[in-house]
Amino acid sequence: MKDTIKTTEKDRFIQIAAGGKKMNGEVKRMAEIPPLPINRNVLQPKDAPLGVTMSAFNEKEAYQSFLKEKAELRAYYAPYLENYARKVADNAIEIVDFSYRKETGEDKADFSRVLNGEGEWEQVKIPHYFGPDGRWNAFYRTELHLENKQADKYYILDFEAVDYIAEVYINGRMAGRHEGFFAPFSVNITDYIHAGKNVLLVVVKNDVTSTAVTVDGYAHYGDKIYGATHFGYDEPSLGWHHCPAGAGIFGKVKMSVAGTSRITDIFVQPNIDKGEITVHTTVSTYAYKTCRYKIGYTVEGRNFKETVFENAAGKTDPFTVDENYLTEKFSIPNFKIWTQQTPYLYAITVTLYDENGNKIDEKQTHFGMRKFQMDESSTPKGAFYLNNERIILRGTNEMGHLPLCVMRGDYEQLIDDILIAKVANLNFYRMTQRPVHDEIYTYFDMLGMLCQSDFPLFSYLKSSAVGEALKQVREMELHTRNHPCVVVETFCNETLDKTAWGKEQYNLSRYEIEKFFNAAKEVVEIYNPNRVLKYNEGDYAPLPETHGISDFHCYTYWYVSHGMPSGKLQKGYLPPIRPDWMCGCGEFGVDGLDRWSLCKSMRPRNGCLKHRTNL
């Protein structure tokens, strides 16, 4: 293992909590916010008795009331789950069955053993994910049978998500590589595939995360860009909770046969003030020649029946090898606006034709006519507006249960989880410390639930990983930008200063990570200039004013006066925050205890549960 530092702390969350108040006391950008004056006569008449009288709570009646309200919401939103848009043919072949095993010392000495299928393998189905944390390699191997290899056709493997580094081999040749755990990527295997049997091997490499793991009393810092939230893996000692960073192929794998070119991305920018959309289309060309195509755009209702326009002609500039970027504007008269109560969605289909009018490729996505912005001119700054109306985001943190629904194919549970939040009068989810599957954002779109998508960083970024982090910031924006539900993005959770924690030789300083935030902002604005950013989630040292709204985390009881004493919190005080700005509170709460017998048997002396489960 590289990059180690001696540490006596066994739990990094305790370490953060212990240092939180120290950080607050050292930062000059913050000011304590006193509580608002209260007219107590409004809250309680002068002659009213002290204390609060509560009616008797009937658990059974409350549960039945909850089920009734959830069922009513299901019925209300059922029409918005419909899809009336034209069907676009998908000729891709999904690859589900693989042989799997971990790397051995013999494999390191002779890689041909893996290519030839030697060793002890187990049969798995994708999605598949396993631990432990740390640095290890594993192999996914399968066979692809091709009756004949078509001339002038291109064979593309599309991966929805592989954690963390994927190296893709076809018949012993490495065809592509990708780093990062949440973003889709594609590999052109045309030059290496042939008629008959082909061996597909995916080498999956896990790494120590940027948040470190403790080995032999030392904290080891790796290059894996990862926060502290995932869906865990099936191993009771460590895997049954949300924090461990295992690895595997946890998204779909498909093989497509494409012509000379195919449409690889569509992004729609809505403008509700002008009643128009700007469509950005990416066309990938695989042949080393200049091609001329015709392109058509069709917009129709997705969850309502309406054809806005059909096969509207677009630009026909020459298409060259690799990616080509096209932009068109269209008017959407009398559009249906996307709101949380009426989440109307449009479908857009982009069709690529050759010069003779023959269809080459077609791709479809959806969008909503909505606008989300943050006010940075009023005082205090930072108010959010949805469709030009003020909105306050009230929500919950998503800690891995929604991705598990997708991995298990349990979309009814996914719908239920979203509706439960609506029953609780919440309008917002935070996808805590990582982007999630595209299907999750799509269900949020259909059910009118807003969300925040986090970049997977926790506290620090290693100096060696800055370039990779900016690449993954771009991937996050490409992954989320078409979904009306995604209204806010962040770049880091609980950013700290390395000098306060003795990690000077590994990570960026506070000054340097603010430079990274600036660079990340510029990357996002290239691909989505309308994105609202909250640079840091849970900031113990609020960012400069140029970095927008700040956010604090407050675990007054859990971490023993973390953030501020409970008495002041009850009186209406807030932890010190940046003056003249509104502020978010992305995490707050108390310790949720299990039954006493479990706590007594499983809670060690340092107060940290051995097994924290959320499955």
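Keep in mind that the numbers below use all heavy atoms, side chains included, and drop hydrogens, waters and symmetry copies.
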Query - Basic-acidic side-chain contact under 4.0 Å: Lys471, Glu468 - result: yes
Query raised in the report: Is the shortest heavy-atom distance from the side chain of Val204 to the side chain of Val162 under 4.5 Å?
Result: yes
Query raised in the report: Please walk me through it: do Phe330 and Val299 pass side-chain contact (heavy atoms from CB on, under 4.5 Å)?
Result: CA-CA 10 Å; Phe330 300 100; Val299 171; 5.9 Å; no
Report task. Evaluate the criterion side-chain contact (heavy atoms from CB on, under 4.5 Å) for residue pair Lys274 and Lys329; output intermediate values, then yes/no. Result -> CA-CA 11 Å; Lys274 294 185 177 181; Lys329 280 191 177 183; 5.6 Å; no
Query raised in the report: Quick one: salt bridge (charged side-chain N to carboxylate O under 4.0 Å, His left out) partners of Arg434, sequence neighbours excluded?
Result: Glu398
Requested in this report: Check whether any side-chain heavy atom of Arg481 sits under 4.5 Å from a side-chain heavy atom of Val486, and report yes or no.
Outcome: no
Report task. Would you sort out whether Tyr164 and Tyr226 count as a side-chain contact (heavy atoms from CB on, under 4.5 Å), showing the intermediate values? Result -> CA-CA 10 Å; Tyr164 177 67; Tyr226 174 85; over 6 Å; no
Query - Asn356 (side chain) donor-acceptor with Asn358 (main chain) under 3.5 angstrom - result: no
Report task. Answer yes or no: is there an ion pair linking Glu300 with Arg86, defined by an N-O contact shorter than 4.0 Å? Result -> yes
Query raised in the report: Any chance the side chains of Asn311 and Thr298 put a donor and an acceptor closer than 3.5 Å?
Result: no
Report task. State, without any angle test, whether Tyr84 and Glu82 hold a side-chain donor-acceptor pair at a distance under 3.5 Å. Result -> no
**Report entry** Option from Lys70, Lys68, Arg74 for which salt bridge (Lys or Arg N to Asp or Glu O under 4.0 Å) with Glu72 holds
**Finding:** Lys68
Query raised in the report: Under the side-chain contact (heavy atoms from CB on, under 4.5 Å) criterion, do Tyr140 and Val124 qualify, and how do the steps go?
Result: CA-CA 9 Å; Tyr140 292 82; Val124 300; 4.2 Å; yes
Report task. Quick one: closest heavy-atom pair of Arg370 and Pro484, and the distance? Result -> NE-O, 2.8 Å
Query raised in the report: Out of Val96, Ile95, Asp90, Leu157, which residue meets the side-chain contact (heavy atoms from CB on, under 4.5 Å) rule with Lys254?
Result: Asp90
Query raised in the report: Among Lys521, Arg531, Lys534, which residue meets the salt bridge (Lys or Arg N to Asp or Glu O under 4.0 Å) test with Glu489?
Result: Arg531
Report summary line: Only residue of Ile332, Ile277, Asn387 satisfying side-chain contact (heavy atoms from CB on, under 4.5 Å) with Ile272 is Asn387
Query raised in the report: Within a radius of less than 6.0 Å around CD of Glu389, do more than 12 heavy atoms belonging to other residues, nucleotides or ligands occur?
Result: no
Report task. Considering non-hydrogen atoms only, spot the tightest contact between Ile391 and Leu386 and give its length. Result -> CG2-N, 3.8 Å
Requested in this report: Sequence neighbours left out, what passes side-chain contact (heavy atoms from CB on, under 4.5 Å) with Thr264? Give chain and number order.
Outcome: Arg262, Thr282, Ser284, Tyr286
Query raised in the report: What ring-ring contact (aromatic ring centres under 6.0 Å, His included) pairs are there with at least one residue in residues 411-437, not counting sequence neighbours?
Result: Phe250-His437, Tyr411-Tyr443, Tyr429-Phe444
Query - Atom of Tyr77, atom of Lys422 and distance for their closest heavy-atom approach - result: OH-NZ, 2.8 Å
Query raised in the report: Side chains of His280 and Asp265: donor-acceptor distance under 3.5 Å anywhere?
Result: no
**Report entry** Option passing ring pair (Phe, Tyr, Trp, His ring centres under 6.0 Å) with His128 (candidates Tyr233, Tyr100, Phe98)
**Finding:** Tyr100
**Report entry** Ile266 backbone acceptor or donor facing Asn482 side chain under 3.5 Å
**Finding:** yes
Query raised in the report: Any side-chain heavy-atom pair from Thr490 and Asp551 closer than 4.5 angstrom?
Result: no
Query raised in the report: Are any non-hydrogen side-chain atoms of Gln269 and Pro529 less than 4.5 angstrom apart?
Result: yes
Query raised in the report: Hey, are Tyr129 and Asp163 close enough side-chain-wise for a donor-acceptor pair under 3.5 Å?
Result: yes
Query raised in the report: Taking C-beta and beyond as the side chain, do Ile225 and Glu179 meet within less than 4.5 Å on heavy atoms?
Result: no
Report task. Please answer whether the main-chain N or O of Ile392 pairs with a side-chain N or O of Asn427 as donor and acceptor at a distance below 3.5 Å. Result -> yes
Query raised in the report: With side chains defined as the heavy atoms from C-beta onward, is the minimum distance between Ile263 and Thr351 less than 4.5 Å?
Result: no
Query raised in the report: Can you check salt bridge (charged side-chain N to carboxylate O under 4.0 Å, His left out) on Arg430 and Glu537, steps first, answer last?
Result: CA-CA 10 Å; Arg430 174 191 170 201; Glu537 171 71 33; 3.6 Å; yes
Query raised in the report: Taking the side chain as C-beta and beyond, is there a heavy-atom pair between Pro435 and Tyr441 under 4.5 Å?
Result: yes
Query raised in the report: Where does the angle between the aromatic ring planes of Phe185 and His178 fall among parallel (under 30°), tilted (30 to 60°) and perpendicular (over 60°)?
Result: parallel
Query raised in the report: Is His366 reaching over with its side chain to a backbone N or O of Gly301, donor-acceptor style, under 3.5 angstrom?
Result: no
Query raised in the report: Do you see a donor-acceptor pair shorter than 3.5 Å between the side chains of Asp375 and Ser377?
Result: yes
Query raised in the report: Given side chains that start at C-beta, do those of Gln413 and Leu404 come closer than 4.5 Å, heavy atoms only?
Result: no
Query raised in the report: Is the Tyr344 ring parallel, tilted or perpendicular to the Phe304 ring (thresholds 30°, 60°)?
Result: perpendicular
Query - Distance-minimising heavy-atom pair for Cys291 and Thr260 - result: SG-CG2, 3.7 Å
Requested in this report: Taking all non-hydrogen atoms of both residues into account, name the closest pair between Thr432 and Met399 and its distance.
Outcome: OG1-SD, 3.6 Å
Query - Under 3.5 Å side-chain donor-acceptor pair for Asn388 and Asp273 - result: yes
Report task. Determine, using ring centers only, whether Phe309 and Tyr297 are less than 6.0 Å apart. Result -> no
Report task. Give a yes or no on whether the backbone of Thr327 and the side-chain of Lys315 come within a donor-acceptor separation of less than 3.5 Å. Result -> yes
Query - N-O pairing of Arg292 and Glu355 below 4.0 Å - result: no
Report task. Return yes when atom CD1 of Ile93 has more than 12 non-hydrogen atoms of other residues, nucleotides or ligands closer than 6.0 Å, and no otherwise. Result -> no
Query raised in the report: Checking Ser256 side chain against Ala258 main chain: does a donor-acceptor pair fall under 3.5 Å?
Result: no
Query raised in the report: Would you say the side-chain atoms of Asn303 pair up with the backbone N or O of Leu345, donor to acceptor, closer than 3.5 Å?
Result: yes
Query raised in the report: Is the side chain of Thr190 donor-acceptor paired with the backbone N or O of Tyr155 at a distance under 3.5 Å, no angle test?
Result: yes
**Report entry** Heavy-atom closest contact (Ser453 atom, Thr480 atom, distance)
**Finding:** OG-CG2, 3.9 Å
**Report entry** Polar side-chain atom of Asp454 near backbone of Gln433 as donor-acceptor pair, under 3.5 Å
**Finding:** yes
Requested in this report: May I ask you to check whether Glu522 and Asn518 show a side-chain donor-acceptor distance below 3.5 Å?
Outcome: no
